[in-house]
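Only one structure is covered here, and it is reproduced in the block below.
Because the structure is a prediction, the values reported are computed rather than measured.
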Amino acid sequence: QVQLVESGGGLVQAGDSLRLSCVASGRTNNVLAMGWFRQAPGKERDFVAAISRLGRGTNYADSVKGRFTISRDNTKNTLYLQMNSLKPEDTAAYYCAAGTVYSTQTMRYEYWGQGTQVTVSS
């Protein structure tokens with residue numbers, strides 16, 4: 001099993017920045033990829049960004065390209081999401097995910113965190 005704990009969410013104004021973190025523990029040696037997803041009230045959970053095991057591959061949703069950056073520090077078992085130029089439409093609960101397949105699809109990830117809320121006011 002792998003446990004994931006997110007942090008770094010909060011209430012910010014449009015144009016501000018936030019950095020989310022996700023610390024993984026447990027059997028992390030089987031994890032090959034990690035990602036961030038988000039879910040707004042009443043909506044489905046959507047892909048935000050993904051990163052491969054060694055960080056050489058990254059993928060972003062079109063809505064966040066150029067504003068968000070995903071990265072990881074495997075020495076600390078930590079995943080990051082740097083979010084710049086935040087918009088009100090970025091408001092959502094953000095979830096960290098981990099799995100054996102590098103993918104943009106929620107179904108490909110076996111492990112999920114509890115989520116951290118990001119609220120962007122206009």
Side-chain angles (χ1 to χ4, degrees):
Q1 287 286 347
V2 174
Q3 293 77 44
L4 303 172
V5 178
E6 305 99 330
S7 62
L11 172 62
V12 297
Q13 293 186 331
D16 285 351
S17 298
L18 275 177
R19 188 176 82 155
L20 305 183
S21 299
C22 171
V23 178
S25 61
R27 293 191 170 187
T28 59
N29 57 307
N30 290 333
V31 172
L32 297 179
M34 298 188 77
W36 289 99
F37 292 77
R38 66 186 181 186
Q39 188 168 19
K43 296 189 176 182
E44 293 185 351
R45 190 168 296 188
D46 292 330
F47 168 74
V48 175
I51 188 166
S52 60
R53 168 79 172 136
L54 299 180
R56 293 171 181 166
T58 59
N59 200 342
Y60 296 92
D62 288 342
S63 59
V64 306
K65 280 181 182 176
R67 299 188 299 123
F68 290 11
T69 303
I70 189 171
S71 62
R72 64 191 297 167
D73 184 342
N74 287 341
T75 66
K76 298 179 180 179
N77 286 333
T78 302
L79 176 72
Y80 303 100
L81 185 68
Q82 178 66 44
M83 305 186 294
N84 298 330
S85 302
L86 282 162
K87 304 176 181 180
E89 50 264 44
D90 294 319
T91 295
Y94 283 71
Y95 296 89
C96 169
T100 56
V101 177
Y102 173 48
S103 173
T104 63
Q105 299 177 313
T106 56
M107 67 177 69
R108 295 289 189 176
Y109 289 87
E110 293 98 322
Y111 306 105
W112 292 85
Q114 295 295 319
T116 184
Q117 180 66 35
V118 172
T119 302
V120 185
S121 64
S122 58

Minimum-distance pair of heavy atoms, taken over all atoms of [X] and [Y]:
{"X": "Thr119", "Y": "Gln117", "value": "OG1-NE2, 3.4 Å"}
{"X": "Leu79", "Y": "Ser71", "value": "CD1-O, 3.3 Å"}
{"X": "Asp90", "Y": "Ser85", "value": "OD2-O, 4.4 Å"}
{"X": "Met34", "Y": "Ala24", "value": "CE-CB, 4.5 Å"}
{"X": "Ala92", "Y": "Ala40", "value": "CB-N, 3.9 Å"}

For a salt bridge (Lys or Arg N to Asp or Glu O under 4.0 Å) check, start with the C-alpha distance between Asp62 and Lys65, then their side-chain angles and the critical distance, and finish with the verdict.
CA-CA 5 Å; Asp62 288 342; Lys65 280 181 182 176; 3.2 Å; yes

Answer yes if Tyr111 and Ile70 sit in the same cluster of Ile, Leu, Val, Met, Phe, Trp and Tyr residues linked by side chain heavy atoms under 4.5 Å apart, and no otherwise.
yes

State yes or no: do Val118 and Tyr95 share one hydrophobic cluster built from I, L, V, M, F, W and Y residues joined by side-chain heavy-atom distances below 4.5 Å, directly or via other members?
no

Quick check for you: to the nearest 0.5 Å, what is the distance between [X] atom [atom1] and [Y] atom [atom2]?
{"X": "Gln82", "Y": "Leu18", "atom1": "CD", "atom2": "CG", "result": "8.5 Å"}
{"X": "Asn84", "Y": "Thr69", "atom1": "CG", "atom2": "OG1", "result": "6.5 Å"}
{"X": "Leu81", "Y": "Thr116", "atom1": "CG", "atom2": "OG1", "result": "11.0 Å"}

Kindly write out the residues that satisfy salt bridge (charged side-chain N to carboxylate O under 4.0 Å, His left out) with Arg108, not counting sequence neighbours, or none if the list is empty.
none

Of all residues at least two apart in sequence or in a different chain, which pass the salt bridge (charged side-chain N to carboxylate O under 4.0 Å, His left out) check with Lys43?
none

Mark yes or no for whether [X], through its side chain, and [Y], through its backbone, hold a donor-acceptor pair below 3.5 Å.
{"X": "Thr91", "Y": "Val120", "value": "yes"}
{"X": "Tyr102", "Y": "Thr58", "value": "yes"}
{"X": "Tyr109", "Y": "Ser103", "value": "yes"}
{"X": "Arg72", "Y": "Gly55", "value": "no"}

List the atom pairs, with distances to 0.1 Å, where a side-chain N or O of residues 2-15 and a protein N or O form a donor-acceptor pair under 3.5 Å, not counting sequence neighbours.
| residue | atom | partner | partner atom | Å |
| --- | --- | --- | --- | --- |
| Glu6 | OE1 | Gln114 | N | 3.0 |
| Glu6 | OE1 | Gly115 | N | 2.9 |
| Glu6 | OE2 | Cys96 | N | 2.8 |
| Glu6 | OE2 | Gly115 | N | 3.1 |

Supply the members, apart from Met107, of the Ile/Leu/Val/Met/Phe/Trp/Tyr cluster built from side-chain contacts under 4.5 Å; use none for a lone residue.
none

Is any side-chain heavy atom of [X] closer than 4.5 Å to a side-chain heavy atom of [Y]?
{"X": "Arg38", "Y": "Ser63", "result": "yes"}
{"X": "Trp36", "Y": "Met83", "result": "no"}
{"X": "Asn74", "Y": "Arg53", "result": "yes"}

Could you list the residues that satisfy side chain to side chain donor-acceptor pair (under 3.5 Å) with Asp16, not counting sequence neighbours?
none

Verdict with reasoning, Glu44 to Thr106, per side-chain contact (heavy atoms from CB on, under 4.5 Å)
CA-CA 10 Å; Glu44 293 185 351; Thr106 56; over 6 Å; no

Going by ring-ring contact (aromatic ring centres under 6.0 Å, His included), name the pairs with one or both residues in residues 43-84, residues two or more places apart or in two chains.
Phe37-Phe47

